[in-house]
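Structure first, then comments.
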Amino acid sequence: MAYVSRSRTADAWLRAEPYPWAMRRLTRRHMLQLAGLTATATAAGPWLTACSPATGPLAVMPTRDPGFQPDLDLTLRAFADEVALLLGAATRVWRYEGSVVSGDPDSVQPIPGSYLGPIIRVRRGQKVRITFNNDLPDDDQESIIHWHGLQVPAAMDGHPHNAIAPGRSFVYEFEVIDRAGTYWFHPHPHGLTAEQVNAGLAGLFIVSDVETDTVALPAGEADLPLVIQDRVIDSDNQFVYALDMMSAMMGFLGDRVLVNGQADLVIPAATRAYRLRVLNGSNARIYKLAWSEGDPLTVLGTDAGLLGAPIERPYVMLAPGERVELWLDLRDRALGSELHLISQAFSGADGVGGMAGGMMHGGMAGGEQGEALPLATLRVERQEADGLVLPETLVTPTALTPDEAVNAAGPRRIVISQQNMAWKLNGRDFEMTAVADDEQVRAGTLELWEIVNDVNPQEMMDPLGMAHPFHIHGVQFQVVGRSLRGDYPELAEGYATVSAGFVDEGWKDTVLIMPGETVQLIMRFPQYPGLFVYHCHNLEHADQGMMRNYQIL
Ligand code: C2O
Ligand code: CU
Ligand code: CU
């Protein structure tokens, strides 16, 4: 029986046409039809398996290193399940379940009662093998896991062209080269990411290392992950994911916040210090994190690890994909007292100055970007002495120097614009494997990128644009600077409600760019040649094509 390489078929087809949004759900059935094969004939065929030899214009897998000796060998399975989320009917979810094949059994920690994936804990320098089994029930739900924030070889990054059909497996093998930090993993099949994340597929990937072992920070139960997501939940307790014109353009917002997969989360706490690792795992909602009593937030770290020293912010802006680590001191708190983590109201992120700004997210979606929301509560329930004090310094910072960038004189520019209610990067849509000449970089070089969130005066819906969380795979960057165009007072007004909450110190992989804002980033590309994507981490935007490849040469 003949079989085809999925990458060749799908990619040839995708390249032949611009990528029309209406057809974004390229199903496995379509691909089979295109290949002139029937579903039954190929269902058992060897194509799509991770272990089949790489063919087509892109290697699906690199030549496997037979000498790869994993320190940690895991499986992660995506499957349909039910969780008891609210009183009454169980909520149907899709989630990841992990298990340890060999290595430290504590490296996979399930979150009991939550749809969220396990927390995977690894050491820097460890070699990890992870076998992903796509057991999603719907034949159309191809999937692939992306390790958000980690620098791994291109073939291990979960590029959408590596997506596998239900019933198939993909084997990842990589060394964890990144510094200690709070990373995460989530699906990345093109056109289906938003839906799959909303259904419950996401988990934390926490890296520790020798350098941070010696930093005296809260550990064990006092090292507390908080994954914030919003959902629309119907009267039958089911997650709703339905895009209308408005939510397709602006992103899907929920009116119900879940933290660690729980509604109205109350965390029993002690009179001690805590390290909070906060991830915004929402599709489109941006949070303005604050303590209800107005105390400043003490920030320990950003996306990719600890800062040189703790800093304070009155509030912290956290866009989809971003992480922040906080120090929380409950030592002077009375037993029985409560502290609320909230999202404060802000403006200017969504459809400024156009029709979109005045409209609620219509249809089934809930809530508005920038509305005030309760997130989680810490309730002090027991006495505990930890003897910890906030360290004055954390890690030795490495600042990248803009003058040393190869393109210091002319940074690479990426302009965000809108055409016919669709968001573009340099006027382009995502193409599965295409890379433009201006999207090629050299391994090992230091580059400046300038991301310009442009105004679109000719567009009726949101002429001044909206906020976009800009994310780059395969590399970590630092924020060099920001500037806001001065010719629209509306933009400055919204900006004033968020700008004190950016944490631009430290290592990042995702950065929030407000309407009319230009953000300059500096990064050094690792020695991992191949295709990586950069995209908006508003997942509806990414799915609709606000994503591009870049190639490390
Ligand atoms: Cu978390 Cu390509 O994304
Ligand atoms: Cu990523
Ligand atoms: Cu966007």
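Start at 1 and go down the list; that is how both ligands and their atoms are numbered.
Using a cut-off of 2.8 Å, one finds that C536 contributes an N/O/S atom close to the Cu ion (ligand 3). For a distance bound of 2.8 Å, the N, O or S atoms of H188 include none lying that close to the Cu ion (ligand 2). Residue contact annotation: H537 places an N/O/S atom under 2.8 Å from atom 1 (Cu) of ligand 1.
When the Cu ion (ligand 2) is compared with the N/O/S atoms of H146, atom NE2 turns out nearest. When you scan the N, O or S atoms of H148 for the one nearest atom 1 (Cu) of ligand 1, you land on ND1. Within H468, the N, O or S atom at minimum distance from the Cu ion (ligand 3) carries the name ND1. When distances from the Cu ion (ligand 3) to the N, O or S atoms of H541 are compared, ND1 comes out shortest. Distances from atom 1 (Cu) of ligand 1 to each N, O or S atom of H186 single out NE2 as the nearest.
For Q440, the CD atom sits in a packed shell: over 12 heavy atoms of surrounding residues, nucleotides or ligands are nearer than 6.0 Å.
Classification of the F174-W147 ring pair by plane angle, with boundaries at 30° and 60°, yields tilted. Using bins of under 30°, 30° to 60° and over 60° for the plane-to-plane angle, the ring pair W423/H468 lands in the perpendicular bin.
Under a cutoff of 6.0 Å and an axis angle of 45°, K288 and Y315 form a cation-pi pair. Both cation-pi conditions hold for R482 and F502: the charged atom is under 6.0 angstrom from the six-membered ring centre and inside a 45 degree cone around its axis. At least one cation-pi condition fails for R413 and W449: the charged atom is not both under 6.0 angstrom from the six-membered ring centre and inside a 45 degree cone around its axis.
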